[in-house]
Amino acid sequence: MSTITTTNPANGEAIETYSLMTRNEAVQKLEAAHAAFLDWRGKSHAKRAPYLIRIAKVLRDHADELAKLMTRETGKLYKDGKTEVEICAAILEYTAQHGPDVLADEERTHGTKGARGVVSHQPIGVIYSIQPWNFPLYQPVRVLAANLMAGNACVLKHASICTGSGLRLRELCIEAGLPADLFQVILIDHDTSDALIEHPLVRGVTMTGSDGAGRHIGGVAAKALKKTLLELGSNDAYLVLEDADIETAVKYSVMGRLYNNGETCVSAKRFVVTEKVYDAFVSAFVDQMQSIVMGDPMDEDTQLGPLSSDDQFQTVKEQVTQSIAKGAKVLCGGTAPERSGAYYPATVLVDVAPGMPAYDDEIFGPVAAVIRARDDEDAMRIANDSRYGLGGGIFCQDEERALKLARDHFDTGMVRINSFGAADPNMPFGGVKDSGYGREHGGFGMKEFTNAKAIFLP
C-alpha cells in the first residue's frame, strides 16, 4: 500500500508516515458523509450556527499546538500560524453570525398580478474540497464553515505535506461536537481523487491550487456535470504610481511579498513602478529586503522561514535562474544559503520583462519582480498584462483616484489600496481569468453550493 511521509522543511527530518486509502475506503468515507448530510440538512441555520461557534473556541484553545504543527509540516512562521488559527476562528464566528440572514428564504413576486414567490437556498449534498499546503488550517476551514452553514457535508483531500494538520482539524471539529461523519478527511492519490469527483454522491467540487491543476480538476468535474469553485493563484501586480508615498509603498511591498514566506496566492509578486519614483522605491525596497532575518520559523525574531519543501525550493530556484538567463538582474538575494533546509532568501529582480517566469508565472516564494513603467497609465496596462487576475494593489496618495482605477480598470477579483492583506471574512475572495472563478467569504461562499430553489405560490 502506498504511503505519505510528511517532512519538516526546516531540517529535512521525517515527521509522520500515513497509509493512502483504497478507492473503496474513500468511497465509504463519502457515503458516510452523505448519510450525515441527510440528517444535518434538516437542522435550521440557527441550529447549525452553534456548532461553528464551538469549533472556533476549540481551535483557539489549541492555537499553540496547531501553529507548531503547521510550522513543522510547512515551514510557516510560528507567529503566522497563530494568526492563521485566529483568522479561522473569526471566519467560523462570522459565518455563524451572518449565515442565518444570508441564507434565509427570500420573498419575491411573480406573474403579472404579483403573486407570491419564495427563493430558498437549499443544501445540495457532499462538497469535495481539494486544498493546498500553504495555509493548512485556513484553506479547509473557509470551505468547511460556509458549507456547514449551508447544510452540506464536506470531504477534504488535503495536500500531502500537511496531512497531519488536516487530520487534526477533523479531530478538533469532532471534539467541538460536530457529527463525526459530516466532515471527512481522505488520504488518496490523484486517480482515486478523479474517481471521487465523478461519484454521484459528490455534488460540488472546490479546489485551491495551480491553474494547471485547476484545468484538470475543472475538466473532470465538467464532464460529470459538477459545479466547481476554483481559486488558482496569481502573479499579483502592485502599482507604485507617480504620487505614491514611498515609505508606505515600501513597507507594504515588503510585507506583501514575504508574508507566509512568500507562499500566498494573493501575495504582492510583481511591482510595477512608474519612472518618476522608480529609483527612490527600488533603493528603499532593496534596503529593507536585504535586512530581512531568515531562520528558524519557531524563532520569534525570524522574518522569513524555509519554503514548504525541497520540491518547492527547486521550483523557485529554477524560476529565478530562468529569469536571469532571459535578462533579469538580481539586486539582492538570488542565491540559496549554505545551510540545511529549504531556505531561499528575500530576492529582488529588476529589468523583468515578458517571457520570463518572474513576469509571466507565479513565483511561490520570496522573490519580488520589479517592472519599470513610463507613467501611471502604462503601469495599469502592465498590471493587466497577465493571464492571472486574483488580486493586486495600488499605492497612490489620491485615494479616490486609486478607487476609480481599482473599480474600473484593474482586471482582478481583489485590489488593495495603500495596504496589504490576505483575506477578510466580510469581503469576497476570488479571481478572474486563469485565477479561477467563484467567491468565498463575505457571504458569497455560503451560497456557492446551494440550490437557489424558486417556489411559485398562486
Side-chain angles (χ1 to χ4, degrees), residues 70 74-77 79-81 83-84 87 131-136 138-139 142 208-211 231-240 248-273 285 288-289 292 294 297 303-308 312-313 315-316 319-320 323 333 344-349 352 357-371 382-383 386-395 406 410 412-424 427 429-436 440-441:
M70 289 189 284
T74 70
K76 177 188 297 289
L77 297 185
K79 56 193 173 187
D80 286 350
T83 300
E84 184 170 340
I87 291 171
Q131 299 302 325
W133 42 259
N134 56 329
F135 291 95
Y138 161 74
Q139 299 283 6
R142 74 181 187 188
T208 299
S210 70
D211 51 320
E231 194 270 278
L232 306 178
S234 195
N235 62 351
D236 288 2
Y238 271 58
L239 281 61
V240 185
T248 299
V250 170
K251 173 186 175 181
Y252 288 112
S253 292
V254 173
M255 184 188 303
R257 181 59 288 206
L258 300 184
Y259 176 64
N260 203 49
N261 299 333
E263 297 169 313
T264 306
C265 52
V266 73
S267 285
K269 297 185 175 81
R270 293 181 297 145
F271 298 87
V272 186
V273 186
F285 185 49
Q288 289 201 24
M289 290 285 276
I292 292 298
M294 182 168 60
Q303 297 171 292
L304 181 64
L307 296 174
S308 63
Q312 188 60 28
F313 170 84
T315 296
V316 170
Q319 288 176 306
V320 171
S323 296
Y344 198 88
T347 298
V348 177
L349 301 178
V352 174
Y359 188 100
D360 297 334
D361 303 323
E362 177 176 46
I363 298 186
F364 222 54
V367 179
V370 180
I371 304 165
I382 292 169
S386 171
R387 71 180 189 272
Y388 294 114
L390 186 59
I394 300 173
F395 295 109
F410 223 141
T412 62
M414 299 170 281
V415 184
R416 292 271 179 173
I417 296 173
N418 294 324
S419 64
F420 171 77
D424 185 283
M427 294 291 281
F429 188 100
V432 295
K433 299 191 285 186
D434 283 8
S435 290
E440 296 172 289
H441 302 322

### Query
How many angstroms lie between CD in Glu362 and CZ in Arg270, if you round to the nearest 0.5 Å?
11.5 Å
## Note on the structure
For Ala237 and Val272, the nearest pair of non-hydrogen atoms, with its separation, is CB-CG2, 4.1 Å
### Query
For the side chain of Ser435 and the backbone of Gly233, is there at least one donor-acceptor N/O pair under 3.5 Å apart?
yes
### Shortest non-hydrogen separation from Phe429 to Ala423 and the atoms involved
CD1-CB, 3.9 Å
### Task
Verify, without hydrogens or angle tests, whether Ser419 (side chain) and Ile417 (backbone) share a donor-acceptor contact under 3.5 angstrom.
yes
### Message
I want to check something: taking the side chain as every heavy atom from C-beta on, are Glu84 and Pro136 in contact at a cut-off of under 4.5 Å?
### Response
yes
### cation_pi(Arg416, Tyr252) dist<6.0 Å, angle<=45
no
#### Entry: Donor-acceptor pair between Asn260 and Lys76 side chains, under 3.5 angstrom
yes
### Summary
Nearest heavy-atom approach of Tyr388 to Asn235 is CD1-OD1, 3.4 Å
### Query
When rounded to the nearest 0.5 angstrom, what distance separates CH2 in Trp133 from OG1 in Thr74?
8.0 Å
### Query
When rounded to the nearest 0.5 angstrom, what is the spacing between CG in Leu304 and OH in Tyr259?
14.0 Å
### Message
I'd like to check Leu390 versus Asp236 (side-chain heavy atoms, cut-off strictly below 4.5 Å). Are they in contact?
### Response
yes
### Query
Taking the inter-plane angle between the rings of Phe285 and Phe271 on a 0 to 90° scale, is it parallel (under 30°), tilted (30 to 60°) or perpendicular (over 60°)?
tilted
### Task
Check the pair Gln288 / Leu258 against side-chain contact (heavy atoms from CB on, under 4.5 Å), numbers first and verdict last.
CA-CA 11 Å; Gln288 289 201 24; Leu258 300 184; over 6 Å; no
### Query
Does a side-chain heavy-atom distance below 4.5 Å link Met289 with Pro366?
no
### Query
At what distance, to the nearest 0.5 angstrom, does CG of Asp211 lie from CD of Glu231?
11.0 Å
### Query
Does Phe364 reach the side chain of Gln319, with side-chain heavy atoms less than 4.5 Å apart?
no
### Query
Can Arg387 and Asp361 be counted as an ion pair, charged N to O under 4.0 angstrom?
yes
### Query
Would a 4.5 Å heavy-atom cut-off, applied to side chains only, mark Lys269 and Ile363 as touching?
no
### Query
Where is the tightest heavy-atom contact between Leu349 and Ala358, given as atom of each residue plus distance?
CD1-CB, 4.0 Å
### Query
Could you give the distance from CD (Glu263) to OH (Tyr344), rounded to the nearest 0.5 Å?
13.0 Å
### Query
Is there side-chain contact between Asp80 and Asn261, with at least one heavy-atom pair below 4.5 Å?
no
### Message
Tell me if a side-chain donor or acceptor on Thr264 pairs with a main-chain N or O of Val266 at a distance below 3.5 Å.
### Response
no
### Query
Once you round to the nearest 0.5 Å, how far does CD of Gln139 lie from CD of Glu440?
8.0 Å
### Message
Minimum heavy-atom separation for Pro297 and Gly75, please, with both atom names.
### Response
CB-O, 3.5 Å
### Task
Evaluate the side-chain proximity of Ile292 to Arg257: yes if any heavy-atom separation is below 4.5 Å, no if none is.
no
### Query
What are the two closest heavy atoms between Gly391 and Ser234, and how far apart are they?
N-OG, 4.3 Å
### Query
Taking the side chain as C-beta and beyond, is there a heavy-atom pair between Ile382 and Tyr359 under 4.5 Å?
yes
### Query
Near Lys433 NZ, under 6.0 Å, is it more than 12 heavy atoms from other residues, nucleotides or ligands?
yes
